[in-house]
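Note sheet for the following structure.
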Amino acid sequence: MKKTVNVSQTQPRLTVYSDENFRGRSRIFRGNTGLRNLDNILGGVESLRFFSTSRNATLVVFTRPNFQGGFRVFRGNTNLRDLDDLIRGNDVESLISTNQRLTLAEIRAIRRNRRLPAGYELV
């Protein structure tokens, strides 16, 4: 007997908010996603919730648009109430959310090439 898998259980879910503390307007992204410029989404993203059932789930936030600058890696479910000054005193300007476990080498390659791996949605 085949097991039925609910798509929402297998894809990561990223909810971004226009204000701190998960307030204001929101937008939901599903699947492996790269947001190249948070200022272009909801007029600016100030907080987020990242949920995945995968233990390999990775959220990477960057200090500059297009996956550039310094970065910080989060593994598993993550709630960030305020994206200001999150990375060594710098705001978050772009991010990647995925069910895959991205290594530091893979993240550095994305930063160097400004390209996401195949199968990612670029927003």
Side-chain angles (χ1 to χ4, degrees):
M1 173 184 250
K2 284 189 174 183
K3 182 177 178 183
T4 303
V5 177
N6 184 339
V7 172
S8 66
Q9 291 177 343
T10 61
Q11 292 184 344
R13 184 178 68 236
L14 174 69
T15 307
V16 295
Y17 298 87
S18 62
D19 295 328
E20 297 170 356
N21 296 314
F22 320 115
R23 296 179 185 260
R25 295 182 303 144
S26 66
R27 186 164 173 197
I28 298 172
F29 299 91
R30 287 184 173 80
N32 299 326
T33 305
L35 304 180
R36 72 169 113 201
N37 189 339
L38 297 185
D39 287 339
N40 293 339
I41 300 168
L42 301 174
V45 173
E46 295 296 328
S47 59
L48 65 82
R49 293 183 189 272
F50 175 63
F51 174 80
S52 175
T53 57
S54 172
R55 60 185 173 163
N56 291 319
T58 304
L59 173 71
V60 186
V61 295
F62 296 87
T63 59
R64 294 182 46 211
N66 295 315
F67 320 115
Q68 298 294 292
F71 64 88
R72 186 168 172 187
V73 179
F74 298 90
R75 305 286 184 198
N77 298 331
T78 304
N79 294 316
L80 300 174
R81 293 182 174 278
D82 187 358
L83 299 182
D84 291 338
D85 305 326
L86 185 66
I87 309 165
R88 295 184 291 284
N90 293 298
D91 297 351
V92 174
E93 299 292 335
S94 58
L95 64 81
I96 300 168
S97 65
T98 180
N99 265 353
Q100 300 171 347
R101 183 170 188 85
L102 291 177
T103 66
L104 292 178
E106 290 170 320
I107 295 166
R108 289 184 182 114
I110 291 168
R111 183 173 61 176
R112 183 176 54 253
N113 300 325
R114 298 180 185 186
R115 290 195 184 138
L116 296 173
Y120 281 66
E121 179 183 357
L122 180 61
V123 179

Should Leu59 and Leu42 be counted in the same cluster of Ile, Leu, Val, Met, Phe, Trp and Tyr side chains packed under 4.5 Å apart?
yes
What distance separates Glu46 CD from Leu80 CG, expressed to the nearest 0.5 Å?
12.0 Å
Is it the case that one hydrophobic cluster holds both Phe50 and Leu83, taking links as side-chain heavy atoms less than 4.5 Å apart, direct or via other members?
yes
Take atom CZ in Arg23; do more than 12 heavy atoms of anything else shown fall under 6.0 Å from it?
no
Are any non-hydrogen side-chain atoms of Leu48 and Leu95 less than 4.5 angstrom apart?
yes
Linking I/L/V/M/F/W/Y whenever their side-chain heavy atoms sit closer than 4.5 Å, directly or via other members, would Val73 and Leu38 fall into one cluster?
no
Interatomic distance, OG1@Thr98 vs CG@Asn56, rounded to 0.5 Å, equals 9.0 Å
To the nearest 0.5 Å, atom CZ of Arg115 lies from atom CG of Leu122 at 11.5 Å
Kindly state each residue pair satisfying ring pair (Phe, Tyr, Trp, His ring centres under 6.0 Å) with at least one member in residues 22-47, sequence neighbours excluded.
Tyr17-Phe22
Please check if any side-chain donor atom of Arg13 sits under 3.5 Å from a side-chain acceptor atom of Ser52, or the reverse.
no
Go through the structure and list residues passing side chain to side chain donor-acceptor pair (under 3.5 Å) with Glu106, not counting sequence neighbours.
Thr103
For the student: nearest non-hydrogen atoms of Arg25 and Gly43, plus distance:
NH2-N, 4.1 Å
Do Leu14 and Ile96 sit in the same hydrophobic cluster, where Ile, Leu, Val, Met, Phe, Trp and Tyr count as joined when their side-chain heavy atoms come under 4.5 Å apart?
no
Could you give me the CA-CA distance, side-chain angles and deciding distance for Phe67 and Arg36, then say whether side chain to side chain contact (heavy atoms under 4.5 Å, CB included) is met?
CA-CA 6 Å; Phe67 320 115; Arg36 72 169 113 201; 4.1 Å; yes
Do side-chain atoms of Glu93 reach the backbone of Asn37 as a donor and acceptor pair under 3.5 angstrom?
no
Evaluation steps, side chain to side chain contact (heavy atoms under 4.5 Å, CB included), between Asn32 and Glu121
CA-CA 6 Å; Asn32 299 326; Glu121 179 183 357; over 6 Å; no
Side chain to side chain donor-acceptor pair (under 3.5 Å), that's the test. Do Thr15 and Arg27 meet it? Break it down for me.
CA-CA 6 Å; Thr15 307; Arg27 186 164 173 197; over 6 Å; no
Within the structure provided, determine whether Thr63 and Val92 are in side-chain contact (heavy-atom separation under 4.5 Å).
no
Quick check: closest heavy atoms across Arg81 and Ser47, and the distance to 0.1 Å?
O-CB, 3.2 Å
Evaluate Arg55 against Arg101 for side chain to side chain contact (heavy atoms under 4.5 Å, CB included), listing each step before the verdict.
CA-CA 8 Å; Arg55 60 185 173 163; Arg101 183 170 188 85; over 6 Å; no
Please identify which of these residues, Leu35, Val60, Thr33, meets the side chain to side chain contact (heavy atoms under 4.5 Å, CB included) condition with Ser97.
Thr33
Are Phe51 and Val16 connected in the hydrophobic side-chain network, where two residues link if heavy atoms are under 4.5 Å apart?
no
I'd like to check Arg108 versus Leu104 (side-chain heavy atoms, cut-off strictly below 4.5 Å). Are they in contact?
yes
Where do Asn21 and Asp82 land on the side chain to side chain contact (heavy atoms under 4.5 Å, CB included) test, with the steps shown first?
CA-CA 7 Å; Asn21 296 314; Asp82 187 358; over 6 Å; no
Under a 3.5 Å distance rule, please check whether Arg64 uses its side chain to pair with a backbone N or O of Gly70 as donor and acceptor.
no
